[in-house]
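What follows is one structure encoded as structure tokens, with my remarks underneath.
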Amino acid sequence: MSATSPFSVSYSNMPSEALDTRAPSQHVYHGLASSATSRAALTTEGLLPAAATNLETEVARALAQMRSYETPLQKYIYLSDLAATSSSIFYATVLANLEEIMPLVYTPTVGEACQKFSAITRGRPQGLFITAEHKGRMREVLDSWNLPVHIIVVTDGSRILGLGDLGAGGMGIPIGKLSLYIAAGGFHPASTLPITLDFGTDSEELLADPLYIGLRQNRVQGDEYYALVDEFITAVKDKWPQALVQFEDFSNDHCFDLLDTYRSQLPCFNDDIQGTGAVIAAGFVVAARVLGVPISEHRCVFLGAGSAGVGVADRIVSLMVAEGLTEEEARARFWFIDSRGLVVKGLNEPMASHKIPYARTDVDGPITTLQEVIDLVKPTALVGLSKQAGVFTPEIIKSVHANCARPLIFPLSNPTSKSECTAETAYTATNGECLFASGSPFDPVTLADGRTLTPGQGNNCYVFPGIGMGTVLARASEVTEGMINAAVVALAECVTEDDLALGRIYPSIDAIRSISARIGAAVARRAVEDGVSSINVDMSDDELVKFVEEAMYVPDRVVSASKL
Ligand SMILES: NC(=O)C1=CN([C@@H]2O[C@H](COP(=O)(O)OP(=O)(O)OC[C@H]3O[C@@H](n4cnc5c(N)ncnc54)[C@H](OP(=O)(O)O)[C@@H]3O)[C@@H](O)[C@H]2O)C=CC1
Ligand SMILES: CC(=O)C(=O)O
Ligand SMILES: [Mg+2]
């Protein structure tokens, strides 16, 4: 007897046009693929030429148009226009060409788009800007978005990728993340909401830009900042009690506090701390499989002790503890370097609280250079989350390789312009022997001996769509640590022997939908086990994955529905 779906939400069956007519942007228009019936129903009759095509033709047309633009930013602008014109054609195009389009709607191009957001914006609604001037009225402002939202990605623009404070221009990030929630995670476009909390910017450049779209004032600080965020979260809980909130690219003076405050109050997680942690921990699991060496034997040098660095280390520590180390023993296998050098207890006080658990107690005096730390530690893993381009020089990487036959070299900073090294540098410096992963994508590298190695992308995009889908489908009241750990295991299991043969320890981006379904199923099951969901998951893993897949939004189904 086959099980019935435990999920009450199904984006694949969602009456999209009923939703779409309430959307501020046009989610219903399928361009020339609109059928005669839907043209009449939508009163677009006569506004379109005679040819009634199909989704396939419109995807081909969109691709040809996109490719006719020269620069990635021009392509980004074209794709944004397409998304606003027809989400069906946009998502069908993205899904059919993920490897080509992801770098355009996500890192690295989204970084440039955020930097130039004020210059390139068409001014149409793409999400909500909640500003400091909305204080006392935020709940009312949320009513401007009158849709049953299931997933919100929110930023305050204070640390956008490795590019710093981009103020209201940070809006590009929630938009980009949510495009992956839809394409990779299978959320319905109309169930997603990008939000930027515009509480000012400290970027002098933006404040002086006459085209700047944000609030022209310095950032609100201290208690006033937390009070504004609190009003926002209270308003969200009131308007969309079931919605999952993903905190994105908040600077590290706030992001840990916000997560601690809200994680038990509503379903939410911080993508940079927890999402990145899950993806890189999965990379360590796969590396252990490849190398035949337990995770707990790694000696890890981390350049960058911010939200992502500490989030990644915490998740790897939990894996080491599962292998039998104590937390203290596990933490002792990490050497963090920040902008002032090796993080050592007693130096550079007061120390930000997120660094304290990793501060070395066994080192006297300051050690300021990466090379000195490598010489001291002889690491097996070198991880970059520092926003410092090119600091993993060939010499640095060779010195790691000199003491470790197959080191992990992970330059994870985004976008590409901030990457600590390129794939070519890492592979060349280690004679192709390192296990490599980068935050932004790199092309395959052919070495002098003719071997071609395909780099993996160590980016949180592998997990956040699945964590989100699993949480929403399970109607989980919070996102537990167990649910994040379930994502680690599920992602690691998605890496195939074919991936490893190509030289990468992450799966193909083209497989992201099925990966998200597997992660979603694992996260939903874990939500039940952790007591934060009461759906019935009394079925096999395969059945649960199938139900997640069946719940996912599929652009062509929307088109064919409109043909009825
Ligand atoms: N691949 C992925 O999926 C992800 C990648 N990232 C990327 O990671 C990077 C960092 O993000 P995040 O941790 O949130 O940022 P943070 O601002 O929280 O942390 C940055 C860290 O880098 C340190 N740093 C700055 N300059 C130097 C330097 N010259 N040498 C050594 N360390 C330095 C900072 O030091 P100090 O503490 O002294 O200021 C800080 O500890 C970004 O580029 C981001 O795009 C982030 C999330 C996910
Ligand atoms: C990928 C991501 O979340 C970041 O670079 O901030
Ligand atoms: Mg981020």
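Just follow the structure's listing: the first ligand is 1, and inside any ligand the first atom is 1.
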Inset, instruction - Show which atoms of ligand 1 fall inside a sub-4.0 Å distance from at least one heavy-atom site of Asn252. - result: 16 (P), 17 (O), 18 (O), 19 (O)

Inset, instruction - Please identify each residue that fulfils side-chain hydrogen bond (donor to acceptor under 3.5 Å, both in side chains) with Lys355, with sequence neighbours left out. - result: Asp338

Legend entry - Ring centres under 6.0 angstrom apart (Phe464, Tyr181): yes

Inset, instruction - Decide salt bridge (charged side-chain N to carboxylate O under 4.0 Å, His left out) for Glu248 and Lys177; before the verdict, give the C-alpha distance in whole Å, the side-chain angles of both, and the deciding distance to 0.1 Å. - result: CA-CA 9 Å; Glu248 191 68 47; Lys177 294 273 176 184; 3.4 Å; yes

Legend entry - For the Mg ion (ligand 3), the closest N/O/S atom belonging to Asp272: OD1

Inset, instruction - Return yes if a side-chain donor-acceptor contact under 3.5 Å exists between Thr155 and Asp249, otherwise no. - result: no

Legend entry - Heavy atom of the protein closest to atom 39 (O) of ligand 1 (residue, atom name, distance): Ser339 OG, 3.8 Å

Legend entry - Contact with ligand 2 for Leu161, non-hydrogen, under 4.0 angstrom: yes

Inset, instruction - Please say whether Leu303 places an N or O atom under 3.5 Å from an N or O atom belonging to ligand 1. - result: no

Inset, instruction - Please assess Glu481 against Arg315 for the test salt bridge (charged side-chain N to carboxylate O under 4.0 Å, His left out), listing each intermediate value before the final yes or no. - result: CA-CA 9 Å; Glu481 286 296 288; Arg315 199 62 51 189; 3.0 Å; yes

Legend entry - Winner among Glu420, Glu248, Gln388 once heavy atoms are compared against atom 26 (N) of ligand 1: Gln388

Inset, instruction - Indicate, as side chain, backbone, both or neither, the part of Asn459 found under 4.0 angstrom from ligand 1 when only non-hydrogen atoms are considered. - result: both

Legend entry - Heteroatom distance test (Asp272, ligand 1): nitrogen or oxygen, under 3.5 angstrom: no

Legend entry - Identity of the nearest option to atom 44 (C) of ligand 1, non-hydrogen atoms only, from Lys418, Gln457, Arg159, Lys387: Arg159

